[in-house]
Amino acid sequence: MQEKYDHKEIEKKWQKKWQEDNLYKTEDEVKGKENFYTLVEFPYPSGNLHIGHWYAFAVPDIFARTKRMQGYNVMFPIGFDAFGLPAENAAIKHGVDPRKWTYENIAYMEKQLQSMGNSFDWSRKVITSDPEYYKWTQWLFLKLYEKGLAYKKKASVNWCPSCNTVLANEQVVAGKCERCDAEVIQKDLEQWFFKITDYAEDLLSDLDNLKWPEEIKTAQKNWIGKSEGTVLKFEIRNSKSEIKEKIKVFTTRADTLMGATYVVVAPEHPWLTQEILNSKSEIRNKEEIQKYINQTKQKTEIERTNEKKEKTGVEIKGVKVINPANGEEIPVFVADYVLGNYGTGAIMAVPSHDERDMDFAKKYNLPVKEITLDWDLQKFGQKVTKYKLRDWLLSRQRYWGCPIPIVYDPEGKPHPVPKENLPWLLPEDVKDFAPKGESPIATSKELRERVEKIFGEGWKPEYDTMDTFIDSSWYFLRYCDSKNKNEPFDKLRLKKWMPVNRYSGGAEHNTMHLLYSRFFHKALFDLGLVNESEPFIKRMNRALILGPDGQKMSKSKGNVVDPDEMVEKVGSDTVKMYLAFIGPYNETGQYPWDLGGVVGIRRFLERVWKIAAKVNNTPKPPLNLRGGAERSEAGELGVGNKKLENLLHKTIKKVTEDIENYKFNTAISAMMILLNELEKITPHQKSQGEPLTLDMFETFLKLLAPFAPHMTDEIWNSPTSLKLCGANESSIHLEEWPKYDESKIKEENVIIVVQINGKVRAQFEAETGISEKEAQEKALIMPDVQKWLDDKEIKKTIFVLNKIVNFVV
RNA sequence: GCUCGGGUGGUGGAAUGGUAUACACGAAGGACUUAAAAUCCUUUGGUCGCAAGGCCUUGUGGGUUCAAAUCCCACCCCGAGCACCA
């Protein structure tokens, strides 16, 4: 073994060796081993691995490696979420082909990922932009289409004027495009949707069965937005007092019905265009109403939903409605503070019980009626449940995505592309990718000709591509059967792996990817394609790594930490272990990158290296092989080694439990404590120490192996060190995870704290399991205790086994 | 406004009813060195004290308990999600 810990040489060597030995290739079945599926969100091939990727992939690798050593058959796959806008934007800016840009980035990033030394099973790699992959994305889309879960409709949709494409509701954050921050506007367009709303109730109620952080569950609950209420019907009367029809309002407060002094309909309400603005209607201010509707349309979502904005509206003159509870005639307004796409698009206004209605009533001098609440008023309506969740808008007017496998006949009626024509290839003869409001694919001559050739003259292709969140809604299923040429995945094969045991990723996907995947999986379950209704049993959301200045890393701030540079300087093991040490992994906190912390980890590893060398170089007699250190004739360990053995077993327990809970930081600190003790007894340091036994050090190395896989394998296999004891010609990562012995964790002696009125006044050492009586007696004779008791009367004594004697005076 | 997290040394954090500040960083002092780096040793929450030791301290104020960072109530602050959703 070399004197110097040369991370560069070691890491290169072992990465190569692991790859040659196919160490992490996972079979679907291994006799005597239980399968375990641990998943990380696959990256977008942006072209460069940043420190966030390291945090996302290298730290969960600790977990995967541990599980493998614990005897599970672990699948830990990786791939690329390769469709998406950046490729297209690069194409527009630099004139490169998005395909070329993407695949070059993937090649480069794969190299970077290799330098991480993760135990990924690369043989299962998926790339969503590969025709072999998106063929099945299309196939699944058509399955949903056949089931009526994918449909096309004209609707008012979110439009990003900068990306020049529509967006799903989930991709609009505070009225802005999630991608580019441009203000989103509304457009009436014919678009493709998934009927995620059919699953609103299931998506909500099944959350209870998931071992997910509360944070995600509540985010999804908020997003689904269930509310139970009543639909009340108000009869409409025109100026001649004829009853024409009824207008439905949705309310969660039917008990306030007596206080309704007017009704409001949203500007989008179909009743306005179909009846009110109709030439036959007797409305006196049609023009005014039409003008108001037009004004609303021009507003952005932000303008319209700004609460501080003064409310506006127009009375519909010539009709009144009748309160079903008391027969009162009340006016009807159109106002944009009522939303067209929630509830029934109309409300009853109760100014005395609703602030918004009060604001409006004040402005337009409408009456405010004080009332007593009456729960019985519900009988005038019908109980209904409404959700805020909207259908998932899936089409995008962009190029670099999965083509929607639909064609239109000469009448414009949509037809699915037959399965034998899948993959329905993305045309390659598109040159201009600049977004113009229509997909760039519309310029493809090849696609138009392809459609006419297959389907006949006058047939036209669908030009839109799919939202990339569809690609990522089933990638975890494909990992289970990534080479399947006949179907997206084999159901029996899925059974071996699904549902995913552990899934870790970022909080930004709480109401996007995680919601979409659940929907998709539920739909596939109902189609009989998968075996269960939920894909991810346990989800862990990770924290965020900030720049050294505590700010979000960004090129403009100049606080970006380059992982390649760090790996070059201190090694992959150090970078990975530092990230694990920075704080608890399973919390959505934010941790600033701290170079000092990196140094601390590097020091720790250097010390391990040194101790390994010393264990080896110790001359024969003090080096007792295989647990033989300093034993008496009867085979008992000396005092020092016994203490150490006790600490070792405690450390095994702590590290094992902490890894299970993703608390890698405290697992590392436990190993540091152990190392501090190991150093004290190795001969190279304090001469009065006792020799370290080899099997203790081996156990320590195994605990460290998932954290510092390269270095530990090097020590493990070093021909001049541990091999002395006749072992270790194969990887340490194939070793069994150490088990702790409960009997060895037990302390012979414990420190009993003596408290008086809950304050610590003294302590003494006693045998474990000391009785209450004995402990009291021992405590009472202590001078420190007597001093504080001071002849006062002891009213009560509290005894906590092996911990505390507390006298209350 | 509603919902969910969170607030502990100079810093990242540990402890989820039982000795608060583990572990690491930083800082100070020392050893080695011509010197520096590296390494090793010691100290390191505040405060009073020569010392022994005392008192105080987990955002603030109350409460429950023999005992509270931890449980309860109110408030303040930070982060995240939702939000004119009737």
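Reminder, nothing fancy here: chain letters follow the sequence lines and each chain counts from 1. Hydrogens, waters and symmetry mates play no part in the numbers below; they use all other heavy atoms, side chains included.
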### Query
Can you tell which of B:rA86, B:rG18, B:rC23 lies closest to the side chain of A:Asn806?
B:rG18
### Message
Please give the distance between the C1' atoms of B:rC25 and B:rG49 as a whole number of Å.
### Response
32 Å
### Message
Can you list, in residue-number order, the parts of residues 795-802 of chain A that come under 4.0 Å of RNA chain B, counting heavy atoms only?
### Response
A:Lys796, A:Ile798, A:Val800
### Summary
Side-chain contact check for A:Arg603: nearest option of B:rG26, B:rC82, B:rC66 is B:rG26
### Query
What integer number of Å spans the C1' atoms of B:rG45 and B:rG26?
15 Å
### Task
For the pair A:Tyr292 (side chain) and A:Thr312 (backbone), establish whether a donor and an acceptor sit closer than 3.5 Å, ignoring hydrogens and angles.
yes
#### Entry: Flag if over 12 foreign heavy atoms under 6.0 Å of CD, A:Glu767
no
### Task
Write down the distance between CG (A:Asn665) and P (B:rA14), rounded to a whole number of angstrom.
5 Å
### Query
B:rA69 and B:rU57: how far apart are their P atoms, nearest whole angstrom?
9 Å
### Task
Measure from the side chain of A:Glu214, starting at C-beta and using heavy atoms only, and say which of B:rC4, B:rU19, B:rC84 lies closest.
B:rC4
### Query
Is A:Arg539 close enough and on-axis enough to A:Trp212, meaning under 6.0 Å and within 45°, for cation-pi?
no
### Message
With a 4.0 Å limit, can you tell me whether A:Asn676 has a side-chain N or O closer than that to the phosphate oxygens OP1/OP2 of B:rA24?
### Response
yes
### Separation between the P atoms of B:rG1 and B:rU64, rounded to whole Å
31 Å
#### Entry: Atom C1', compared across B:rC40 and B:rG6: separation rounded to whole Å
40 Å
### Task
Say whether, by atom type as modelled, one donor and one acceptor occur between the side chain of A:Tyr578 and the main chain of A:Asp594 under 3.5 angstrom.
yes
### Task
Please measure how far the P atom in B:rG17 lies from the corresponding atom in B:rA27, and state the result in whole Å.
37 Å
### Query
Honestly, is A:Lys311 close enough over A:Tyr337, meaning NZ or CZ under 6.0 Å from the six-membered ring centre and within 45° of the axis?
yes
### Query
What's the closest nucleotide to the A:Asn222 side chain, out of B:rC82, B:rC40, B:rU19?
B:rC82
Pull out every protein N or O sitting under 3.5 Å from an N or O of nucleotides 50-59 of chain B, one pair per line with the distance.
from   : atom 1 : to       : atom 2 : distance (Å)
B:rC55 : OP1    : A:Arg761 : NH2    : 3.2
B:rC55 : OP2    : A:Arg761 : NH1    : 3.4
B:rC56 : OP2    : A:Lys759 : NZ     : 2.9

### Euclidean distance for C1', B:rG59 against B:rA52 (whole angstrom)
35 Å
